[in-house]
Amino acid sequence: MSAAIITHVILTGGIGSRLWPLSRKSQPKQYLEFFDGQSLFEKTVARNENISNKTIVVGNIENYEMSNTIMSKFNKPFTHIVEAVPRNTAAAIAFAAFASKPEDILLVTPSDHLIEGTELYDFALQQAIALANQDYLVTFGIKPTKPETGYGYIEFENENVVAFHEKPNLQKAAAYLENGNYFWNSGLFCFKSGKFLAELEKQEPEVYLASKAVWEANKNGFLDYELSLNIPSISIDYAVMERSKNIKVVAAHFDWSDLGSFESVYDYLIQKDHPTDANRNIVIGTTKHTTFIGVKNCILIYTDDALMVLQKENSQEVKQVYQQLESIASPLL
């Protein structure tokens with residue numbers, strides 16, 4: 001019996017609105033060469049190159065040329081599925097599953113996460129693949145390092161999921177941290193493509209059927225706009241992972257961040273010895289002399305057309321700025 005095909009499915013759809021003005025629709029955070037001279041997308045491909053036999057990139061029409069540019073660095077064949085309109089992660093993963101054989105194992109990763117600790121990461125993947133081979137749908141929990149309110153949590157016992165929890169308030173997050181069996185919900189998944197599609201058809205038949213119709217009408221991986229509008233926009237968490245009886249969790253201990261806020265970018269840069277003043281204020285995007293007076297833990301973000309100063313702890317509020325600009329159709333997006 002031949003070994004299973006392991007396909008790395010890279011989801012590239014996000015905009016990174018909480019990292020505006022660095023992250024824009026024209027160049028979302030996963031394409032910024034901000035991390036040791038590489039983009040998060042490039043790091044994602046490299047990190048999973050040795051464990052996978054195939055690669056499928058699922059992205060949108062605005063991003064696919066940037067994705068192709070990065071993939072060309074690896075000089076390896078890959079399949080590109082280009083969405084005409086974003087329909088969330090359940091559909092995106094379904095397209096990759098329809099493009100695969102039922103027994104193929106899909107390792108699904110976002111393209112914009114930062115992961116460090118190669119041995120611990122590879123160990124977690126091997127655990128997940130073993131469980132996927134037993135026909136489970138596998139999610140990854142990440143051991144929390146602080147009471148984080150920006151992530152959902154997975155409550156677990158051994159490999160069994162007890163419950164999924166929405167983003168908590170600070171008090172609840174502190175209790176989760178103390179408890180020890182509540183890990184961050186990472187957005188990483190592993191399962192046989194056929195098992196995922198069977199579970200999607202069972203839990204969300206409308207998503208399954210509409211996604212199947214879109215995939216069957218694809219032209220060289222490009223998906224039809226009008227047909228795509230029929231797909232309900234729903235995440236894999238809500239569609240499948242929180243409802244299926246065949247879920248297992250790998251409790252992982254590698255260093256992980258979705259770099260979804262300037263607070264997490266700040267922590268990363270401080271760790272990498274980014275210049276900081278006596279009050280731990282930092283500047284991103286310019287070498288102009290900058291002086292902070294009377295403030296601590298602030299970030300100044302500079303781009304050619306925008307300037308933002310924020311308290312590190314208020315990083316989640318950047319999304320409101322983005323939404324405000326979106327409401328007036330600002331060219332700054």
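Sorted by first and then second residue, the side-chain hydrogen bond (donor to acceptor under 3.5 Å, both in side chains) pairs involving residues 319-330 (not counting sequence neighbours) form an empty list. For residues 56-72, every residue pair satisfying the side-chain hydrogen bond (donor to acceptor under 3.5 Å, both in side chains) rule, not counting sequence neighbours, is listed here: Y31-S67, N68-H80. The list of side-chain hydrogen bond (donor to acceptor under 3.5 Å, both in side chains) pairs with a residue in residues 210-224, not counting sequence neighbours, reads K212-E216.
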Considering only distance and modelled atom types, tabulate donor-acceptor pairs under 3.5 Å from the side chains of residues 284-298, sequence neighbours left out.
unit_1 : atom_1 : unit_2 : atom_2 : d
T286   : OG1    : K288   : N      : 3.0
H289   : NE2    : T291   : OG1    : 3.1
T290   : OG1    : K288   : O      : 3.0
N297   : OD1    : Y266   : OH     : 3.4

Would you mind writing out the side-chain donor-acceptor pairs for residues 15-24 within the sub-3.5 Å range, not counting sequence neighbours?
unit_1 : atom_1 : unit_2 : atom_2 : d
R18    : NE     : G260   : O      : 3.1
R18    : NH1    : Q316   : OE1    : 2.7
W20    : NE1    : L332   : O      : 3.1
S23    : OG     : I15    : O      : 2.6
S23    : OG     : G16    : O      : 3.4
S23    : OG     : K29    : N      : 2.9
R24    : NE     : P21    : O      : 2.6
R24    : NH1    : D305   : OD2    : 3.2
R24    : NH1    : L332   : O      : 2.8
R24    : NH2    : P21    : O      : 3.3
R24    : NH2    : T303   : OG1    : 3.2
R24    : NH2    : D305   : OD1    : 2.7

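Here L300 contributes atom CG and L307 contributes atom CG; the two are 5.0 Å apart, rounded to the nearest 0.5 Å. Here K248 contributes atom NZ and N158 contributes atom CG; the two are 9.0 Å apart, rounded to the nearest 0.5 Å. Remark: I234 CD1 to I231 CD1 distance equals 12.5 Å, nearest 0.5 Å. S261 contributes atom OG, which lies 9.5 Å from atom NZ of K312 (distance to the nearest 0.5 angstrom). With rounding to the nearest 0.5 angstrom, the OG atom of S111 is 4.0 Å from the CD atom of Q30. The line from CG of L137 to OG of S244 is 5.0 Å long, rounded to the nearest 0.5 Å.
Counting all heavy atoms, side chain and backbone alike, L106 lies closest to A96 at CD1-C, 4.4 Å. Of all heavy-atom pairs spanning P205 and K202, the tightest one is CD-O, 4.0 Å. Nearest heavy atoms, A94 versus L200: CB-CD2, 3.8 Å. Scanning both residues, V207 and A91, for their nearest heavy atoms gives CG1-N, 4.4 Å. The two atoms that bring T149 and K167 nearest to each other are O-CB, 3.4 Å, heavy atoms only. Of all heavy-atom pairs between P110 and T44, the closest is O-CG2, 3.6 Å.
Counting side-chain heavy-atom gaps under 4.5 Å among Ile, Leu, Val, Met, Phe, Trp and Tyr, the cluster of Y225 also holds V85, L229. Think of F123 as one node in a network of Ile, Leu, Val, Met, Phe, Trp and Tyr side chains linked at under 4.5 Å; it has no links at all. When hydrophobic side chains of Ile, Leu, Val, Met, Phe, Trp and Tyr are connected at separations under 4.5 Å, I142 ends up clustered with I6, I51, I105, L107, I115, L120, Y121, L125, I129, L131, Y136, V138, F140, Y151, Y153, Y176, Y182, W184, L188, V250, F254, W256.
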(message) Please evaluate residues V240 and E204 with respect to the criterion side chain to side chain contact (heavy atoms under 4.5 Å, CB included), reporting the C-alpha separation (whole Å), side-chain torsions for both, the decisive distance (0.1 Å), and the verdict.
(response) CA-CA 8 Å; V240 173; E204 285 287 342; over 6 Å; no

(request) For the pair V108 and L11, evaluate side chain to side chain contact (heavy atoms under 4.5 Å, CB included) and give the outcome as yes or no after the intermediate values. (result) CA-CA 7 Å; V108 181; L11 306 179; 3.8 Å; yes

(request) For the pair Q311 and E313, evaluate side chain to side chain contact (heavy atoms under 4.5 Å, CB included) and give the outcome as yes or no after the intermediate values. (result) CA-CA 5 Å; Q311 196 80 40; E313 293 77 12; 3.2 Å; yes

(request) Dump the intermediate steps for salt bridge (charged side-chain N to carboxylate O under 4.0 Å, His left out) on E33 and K73, then the final yes or no. (result) CA-CA 14 Å; E33 292 187 347; K73 295 183 181 183; 3.5 Å; yes

(request) Might you work through the side chain to side chain contact (heavy atoms under 4.5 Å, CB included) test for E83 and F95, ending with a clear yes or no? (result) CA-CA 9 Å; E83 295 178 292; F95 299 140; 3.5 Å; yes

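The hydrophobic clustering, which links ILVMFWY residues whose side-chain heavy atoms are closer than 4.5 Å, places F196 and V214 together. V309 and I299 are members of different hydrophobic clusters when ILVMFWY side chains are connected at heavy-atom separations under 4.5 Å. In the hydrophobic clustering of ILVMFWY residues, with side-chain heavy atoms under 4.5 Å counting as a link, I10 and I93 come out apart. Linking ILVMFWY residues whenever their side-chain heavy atoms come closer than 4.5 Å, directly or via other members, leaves I56 and V45 in distinct clusters. Taking hydrophobic clusters as Ile, Leu, Val, Met, Phe, Trp and Tyr residues chained together by side-chain heavy-atom distances below 4.5 Å, V265 shares a cluster with I270.
In this structure K76 satisfies the side-chain contact (heavy atoms from CB on, under 4.5 Å) test together with E49, sequence neighbours excluded. For N185, the side-chain contact (heavy atoms from CB on, under 4.5 Å) test picks out T139, I154, F164, D237, with sequence neighbours left out. With sequence neighbours excluded, the residues forming a side-chain contact (heavy atoms from CB on, under 4.5 Å) with E116 are D255, Y268, Q271, K272, listed by chain and number. Annotation: side-chain contact (heavy atoms from CB on, under 4.5 Å) contacts of K143 (sequence neighbours excluded): F183, H253.
Atom CD of Q134 has more than 12 neighbouring heavy atoms from other residues, nucleotides or ligands inside a 6.0 Å radius. Summarising the local packing, CG of N160 is surrounded by more than 12 heavy atoms from other residues, nucleotides or ligands at distances under 6.0 Å. Annotation for K195: atom NZ does not count as buried by contact number, only 12 or fewer foreign heavy atoms lying within 6.0 Å. At most 12 heavy atoms of other shown residues, nucleotides or ligands fall within 6.0 angstrom of atom NZ in K245. Few gaps surround CG on N169; more than 12 heavy atoms of other groups in view lie less than 6.0 Å from it.
Side-chain contact check for M71 versus T55: some heavy-atom pair is nearer than 4.5 Å. Between I5 and E103 there is no side-chain heavy-atom pair separated by less than 4.5 Å. Annotation: side chain of D104 is not in contact with side chain of N53 (no heavy-atom distance under 4.5 Å). Counting only heavy atoms from C-beta outward, the side chains of I81 and L223 approach each other to under 4.5 Å.
Side-chain atoms of N181 do not come within 3.5 Å of backbone N or O of E155 as any donor-acceptor pair.
For the residue pair T109 / H8, a side-chain donor-acceptor distance below 3.5 Å is found, with atom types taken as modelled.
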